[in-house]
Protein chains: 2
Amino acid sequence: MSGNKFGSAALAAVHETASDLHRAGGIDKRTMRKFDALCLTPIQKMTPRKIRALRTREKASQAVFAAYLNVTPSLVSKWERGEKHPQGPSLKLLSLVEKKGLEIVA
Amino acid sequence: MSGNKFGSAALAAVHETASDLHRAGGIDKRTMRKFDALCLTPIQKMTPRKIRALRTREKASQAVFAAYLNVTPSLVSKWERGEKHPQGPSLKLLSLVEKKGLEIVA
DNA sequence: GAAAGTATAGCACCAAGTACCATAGAGACG
DNA sequence: CGTCTCTATGGTACTTGGTGCTATACTTTC
């Protein structure tokens, strides 16, 4: 759990404590999810050039990149030119690729 | 590469051949992506009940599920009631969770 | 019985995402 | 040379997904 919401050790500690309780049987999996959700790394905006850098890093054309993300090539182009701005699920998908590579969404 | 576009062995064979060429140095990584993209499993629509089944399988509340997908709890509710229909990036994200579990998007 | 968590339901709004087209540069190939 | 394909840009028009807010109600827990 490196890279938590505030870069502070506090939340990580909370999460660790919760994890311990879980292992001890004091917290069920469902409740555990709440702590996990608290620790989700916040998604940051992606600039057009960051998106392009990401795509070229993965050595994919706009068309191929789009296919992986299940969007249209047209949209990838617009992202990279700053005409449209990914957010919500799209942003999540992009940051997922950024962190774990294109292959993960194959 | 199980579960290719047409369930046929043909495309898999093409991909295998391409892979061999790649290993032999005849195809660069960029070109290789095209074959990979061809073999991406097509995303199928998700029915409201399938979405709910997925979420409950992961033992997450709508709010927590939404946090993982970087969408609003309101939207998850609409998905599950059939008021809105995920597609494009959202659908990709959901089928990703279906295949690999919620943890993968953490 | 107050409080917190869960989910449904509604509505207004806007921009993300789609679909389509025309253009143009770069590379491959005969 | 011409032509074909892949690449990407730029544009336009349209649809609807996703947001944000609020109110309601049913549990469970303290």
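Below, read A as the first sequence line, B as the second, and so on, with proteins coming before strands; counting in each chain starts at 1.
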Nearest-nucleotide pick for [X], side chain only, options being [options]:
X       : options               : result
B/Lys34 : C/dA19, C/dA16, D/dC6 : D/dC6
A/Lys84 : D/dT19, D/dA8, C/dT18 : C/dT18
A/Glu80 : D/dG18, C/dG17, D/dT9 : D/dT9
B/Arg52 : C/dT8, C/dT18, D/dG18 : C/dT8

Return yes if some donor-acceptor pair links the side-chain N/O of B/Lys100 with the main-chain N/O of A/Ile104 below 3.5 Å, else return no.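 Yes.
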A/Lys45 (side chain) donor-acceptor with A/Pro86 (main chain) under 3.5 angstrom: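 Not confirmed, A/Lys45 side chain does not pair with A/Pro86 backbone.
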Are OP1 or OP2 of [N] and a side-chain N or O of [X] less than 4.0 angstrom apart?
X       : N      : answer
B/Thr72 : D/dT19 : yes
A/Gln62 : D/dT9  : yes
B/Arg55 : C/dT6  : no
B/Ser77 : C/dA7  : no

For a 4.5 angstrom cut-off between non-hydrogen side-chain atoms, does A/Phe65 reach A/Leu102?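 A side-chain contact under 4.5 Å exists here.
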Side chains of B/Leu69 and B/Trp79 in contact at under 4.5 Å (non-hydrogen atoms):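 Yes, side chains in contact.
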As an exercise, state the distance from [atom1] of [X] to [atom2] of [Y], rounded to the nearest 0.5 Å.
X       : Y       : atom1 : atom2 : result
A/Ile51 : A/Ser77 : CD1   : OG    : 11.0 Å
B/Lys92 : B/Ile43 : NZ    : CD1   : 4.0 Å
B/Leu94 : B/Gln87 : CG    : CD    : 12.0 Å
A/Lys78 : A/Glu80 : NZ    : CD    : 12.5 Å
A/Asn70 : B/Ser95 : CG    : OG    : 7.5 Å
B/Arg55 : B/Ser61 : CZ    : OG    : 7.0 Å

Go nucleotide by nucleotide along DNA chain C from the 5' end; which of B/Val76 and A/Ser90 gets its closest nucleotide reached first?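 By nearest-heavy-atom nucleotide position, the 5'-most residue is B/Val76.
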Write down the distance between [atom1] ([X]) and [atom2] ([N]), rounded to a whole number of angstrom.
X       : N      : atom1 : atom2 : answer
A/Trp79 : C/dA15 : CH2   : C1'   : 14 Å
A/Leu69 : C/dT18 : CG    : C1'   : 15 Å
B/His85 : C/dT18 : NE2   : P     : 16 Å
B/Glu83 : C/dG10 : CD    : C1'   : 8 Å
B/Leu75 : C/dA9  : CG    : P     : 15 Å
B/Gln87 : C/dG17 : CD    : P     : 10 Å
A/Arg81 : C/dG17 : CZ    : C1'   : 14 Å

If you take all heavy atoms of A/Val64 and B/Lys34, which pair is closest and at what distance?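 Shortest heavy-atom separation between A/Val64 and B/Lys34 comes out as CG2-CG, 3.9 Å.
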State, to the nearest 10°, the angle formed by the axis through the first five base pairs of the helix from C/dG1-D/dC30 to C/dT23-D/dA8 and the axis through its last five.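 End axes: 50° apart.
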For A/Met46 and A/Glu98, run side chain to side chain contact (heavy atoms under 4.5 Å, CB included): C-alpha distance rounded to whole Å, both residues' side-chain angles, the deciding distance at 0.1 Å, then the answer. CA-CA 10 Å; A/Met46 285 229 181; A/Glu98 185 188 24; 3.5 Å; yes
Atom pairs under 3.5 Å: protein N/O with N/O of nucleotides 27-30 of chain D:
none

Hey, what are the protein-to-nucleotides 21-26 of chain D N/O distances that come in under 3.5 Å?
none

